[in-house]
Number of protein chains: 2
Amino acid sequence: MKITNQRNTILKFLKDNQNHPSVEEIFEKVKRTLPRTTKATVYKNLKTLMIHDIIKEVNIKGVSRFEAKIDPHHHIICKNCGKIIDFESEELRNFALQIIGKQKDFTIDSAETNFFGKCNMCDDSK
Amino acid sequence: MKITNQRNTILKFLKDNQNHPSVEEIFEKVKRTLPRTTKATVYKNLKTLMIHDIIKEVNIKGVSRFEAKIDPHHHIICKNCGKIIDFESEELRNFALQIIGKQKDFTIDSAETNFFGKCNMCDDSK
DNA sequence: GTACGTGCAAATGATTTGCGTTAAG
DNA sequence: CTTAACGCAAATCATTTGCACGTAC
């Protein structure tokens, strides 16, 4: 895999942002430094980076969002606005894997928990 | 919300199938009994049923799939073919909610774990 | 120098919308 | 009767593709 400016910019952006940006947001960011960049290039790069297991896609409320692949972690998702933040807990992951144990139809190698609720911005009671 | 043949067929299909069918699969099923049905109708119904919290959408490898909303549960997903099966564990859910505790930026009300691996069909080592 | 990446435009595929007609309550 | 749902075609939106040209290595 070659290291190009476009590719580097995308990856750096994802590493600096725990925001799980959408394709649109990534595209806007890259264009700021490399104005001739097109969405097709962004899509191609995201795909390549995913194939090489460097980034990961998460789908929130029908929108594709991306994160630089760091240690396994969980997500807290706002059911209203789609905001998503990371939550680390190896303990939870181990508990999940232990509780599921051996499955006759599946060989399981990872577990991730999604927490759903409302962020403070969307929570009317606050 | 009116009860129509199309709507009923979709809902019954989802209740009878733990397969998490895609829009295409649901459409094919409905057409068998009600041949004039179009995809637009299927989409409209899926949206309506979701708004009324009767069904739920899950996105697997970029494909929208649907399930009749039953008790909260977890998913086991094949990273290769996208096959998905349900896994019940109130214990896991409670553990997750307990471990996350109070969050300053979020009011959390549910937790669901996704397990990833390979199903027997896709697992070469079997 | 060669293969991979980029930029562009066109193609595809999924989902939505508008609107006249039909059917549920 | 009245309003929501249906069926159809057209529109929109996200994502992919093909290809000529550029650039990393």
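All chains are named by letter (A, B, ...) in the order of the sequence lines, taking the proteins before the strands, and each is independently numbered beginning at 1. When reading the values below, keep in mind they use all heavy atoms of this one structure, side chains included, and skip hydrogens, waters and symmetry mates.
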Under the side-chain contact (heavy atoms from CB on, under 4.5 Å) test against I10(B), which residue among T48(B), T4(B), T37(B), N45(B) passes?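 Considering T48(B), T4(B), T37(B), N45(B), a side-chain contact (heavy atoms from CB on, under 4.5 Å) with I10(B) is found only for N45(B).
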Strictly below 4.0 Å: does [X] bring a side-chain N or O up to OP1 or OP2 of [N]?
X	N	value
S64(A)	dT15(D)	yes
R36(A)	dC8(C)	yes
Q6(B)	dG7(D)	yes
T4(B)	dA4(D)	no

Atom [atom1] of [X] and atom [atom2] of [N]: how far apart are they, to the nearest Å?
X	N	atom1	atom2	value
F27(B)	dC8(D)	CZ	C1'	12 Å
R65(B)	dT15(C)	CZ	P	11 Å
K39(B)	dG13(C)	NZ	C1'	9 Å
F66(B)	dT15(C)	CZ	P	7 Å
I3(A)	dT6(C)	CD1	P	12 Å
L49(B)	dC6(D)	CG	P	10 Å
N45(B)	dC6(D)	CG	C1'	9 Å
I10(A)	dG7(C)	CD1	P	10 Å

CE-CG distance between M50(A) and L46(A), expressed to the nearest 0.5 angstrom: 6.5 Å
Measure the CD-NZ distance between E67(B) and K69(B) for me, rounded to the nearest 0.5 Å.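 Answer for the CD-NZ pair, E67(B) versus K69(B), is 9.0 Å.
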Salt bridge (charged side-chain N to carboxylate O under 4.0 Å, His left out), paired with E24(B), selected from K29(B), R65(B), K39(B), K31(B): K39(B)
May I ask you to say what T41(B) touches in the nucleic acid, namely base, sugar-phosphate or nothing, with a heavy-atom cut-off under 4.0 Å? base
Mind checking K44(A) for me? I need base, sugar-phosphate or nothing, with any heavy atom below 4.0 Å counting as a touch.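 The residue K44(A) makes base contact.
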Side chain of [X]: nearest nucleotide among [options]?
X	options	result
Y43(B)	dG25(C), dT15(C), dG5(C)	dT15(C)
T38(B)	dG7(D), dA4(D), dT15(D)	dG7(D)
A40(A)	dG5(C), dC8(C), dC8(D)	dC8(C)

So which one's nearest nucleotide on DNA chain C is more toward 5', N5(A) or K2(B)?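 Nearest nucleotide further toward 5': that of N5(A).
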Quick one: does any side-chain atom of N120(A) pair with a main-chain N or O of K104(B) as donor and acceptor, under 3.5 Å?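 Yes.
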